Amino acid sequence: MDALVLEGISKNFGALAALTNVNMRVQVGEVVGLIGPNGAGKTTLFNIVTGFTKPDRGRVKLFGEDVTGLQPHQIAARGVARTFQIVKPFFGMTVYETVLVGAYLREKDEDNARQRAEVAMKLTGVYHLRNRYARELNTPQLKLVELARSLATQPKLLMLDEIVAGLTPAEVDAMTALVKRIRDEMGVTVLLVEHVMRFVMNISDRVVVLNYGEVIAEGSPSEVSSNLKVIEAYLGGKSGS
Ligand SMILES: Nc1ncnc2c1ncn2[C@@H]1O[C@H](COP(=O)(O)OP(=O)(O)OP(=O)(O)O)[C@@H](O)[C@H]1O
Ligand SMILES: [Mg+2]
């Protein structure tokens, strides 16, 4: 069963072809990494899946349903949660309140929602920050709060846009273990965009490579790492990251 299928997705911004005829699929239970140079179209692809941007051409299918053109709240209702590359914290709210907003997407009962929020905060390691405000947190902490808020919505498909950017290697490894738990213990399918190869290659079942808006390669982490087109377009300068 496919969690996500993209068929012939194209998107132009004026004269710029951000995505050109992108086809890809993510199976239920997979962790798929989406990589590629700056400006390759990765975040645009996330925005199209989550309803923030309309594609010019092509179809988006979620769990067998054509959802092309639906609004972000309609996509969220279908079990898709995402974190943003540039965090947009809810500034007047505490961490707890922020995560609770996520929980209320699916839990109308207050006690259940509070419990969901607490489980998500504990899993992501932000429980000790629950009474702090967004302005008091650094970027890695804000990303963890976003992850907690996303998990509190009880997603079937979790989309992470550069969740480990700015983390130390030890923190990256902790995030690797956390995302594995989210998949293995909660059964969540994961699509992640990332430049940190230590993370992508350790966690992904499959990696898709975008370059100038086109898929140039796809395969296991080792297949993609040794693909000459990928090395030339992207990995050549990134061996240490
Ligand atoms: N709303 C927009 N209007 C105009 N151009 C845009 C818009 N959003 C993205 N672009 C352009 O589309 C291209 C793809 O951008 P996108 O943000 O999807 O890249 P990315 O792969 O996520 O890059 P990065 O790794 O730097 O985050 C870039 O050239 C970008 O400048
Ligand atoms: Mg991006």
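Just so you know, residue 1 is the first one in the sequence shown, and it goes up from there. Indexing begins at 1, ligand by ligand and atom by atom, following the structure's order. What you see is a predicted model; the values in this text were computed from it and never measured.
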Checklist entry - Can you check side chain to side chain donor-acceptor pair (under 3.5 Å) on Arg57 and Asn12, steps first, answer last? => result CA-CA 10 Å; Arg57 277 181 298 284; Asn12 294 338; 5.3 Å; no

So, do [X] and [Y] sit near enough that their side-chain heavy atoms are less than 4.5 Å apart?
{"X": "Glu194", "Y": "Val164", "result": "yes"}
{"X": "Pro55", "Y": "Leu19", "result": "no"}
{"X": "Arg183", "Y": "Asp205", "result": "yes"}
{"X": "Leu158", "Y": "Leu147", "result": "yes"}

What protein heavy atom sits nearest [atom], and how far away is it?
{"atom": "atom 17 (O) of ligand 1", "answer": "Thr43 CB, 3.7 Å"}
{"atom": "atom 27 (O) of ligand 1", "answer": "Gln85 NE2, 2.8 Å"}
{"atom": "atom 15 (O) of ligand 1", "answer": "Thr44 OG1, 3.8 Å"}
{"atom": "atom 1 (N) of ligand 1", "answer": "Phe13 CE2, 3.7 Å"}
{"atom": "atom 26 (O) of ligand 1", "answer": "Asn38 ND2, 2.8 Å"}

Proximal atoms of ligand 1 relative to [X] (non-hydrogen, under 4.0 Å):
{"X": "Glu162", "result": "25 (O), 27 (O)"}
{"X": "His195", "result": "25 (O)"}
{"X": "Ala18", "result": "12 (O)"}

Item to check | Proximity of Leu16 to ligand 1 by residue part, where a heavy atom lies under 4.0 Å | outcome: side chain

Checklist entry - Do any of the N/O/S atoms of Thr44, backbone or side chain, fall under 2.8 Å from the Mg ion (ligand 2)? => result no

Checklist entry - Does Asn38 bring an N, O or S atom to within less than 2.8 Å of the Mg ion (ligand 2)? => result no

Item to check | Option passing side-chain contact (heavy atoms from CB on, under 4.5 Å) with Arg149 (candidates Leu100, Thr98, Leu144, Thr124) | outcome: Thr98

Next on the checklist: Within the structure, is a non-hydrogen atom of Gly36 found at a distance of less than 4.0 Å from ligand 1?
Outcome noted: no

Item to check | N or O contact, Gly39 vs ligand 1, cut-off under 3.5 Å | outcome: yes

Next on the checklist: Under 4.0 Å between a side-chain nitrogen and a carboxylate oxygen: does that hold for Asp66 and Lys61?
Outcome noted: no

Checklist entry - Is Glu110 salt-bridged to Arg114, cutoff N-O under 4.0 Å? => result yes

Checklist entry - Can you say whether the rings of Phe52 and Phe84 are parallel (under 30°), tilted (30 to 60°) or perpendicular (over 60°)? => result perpendicular

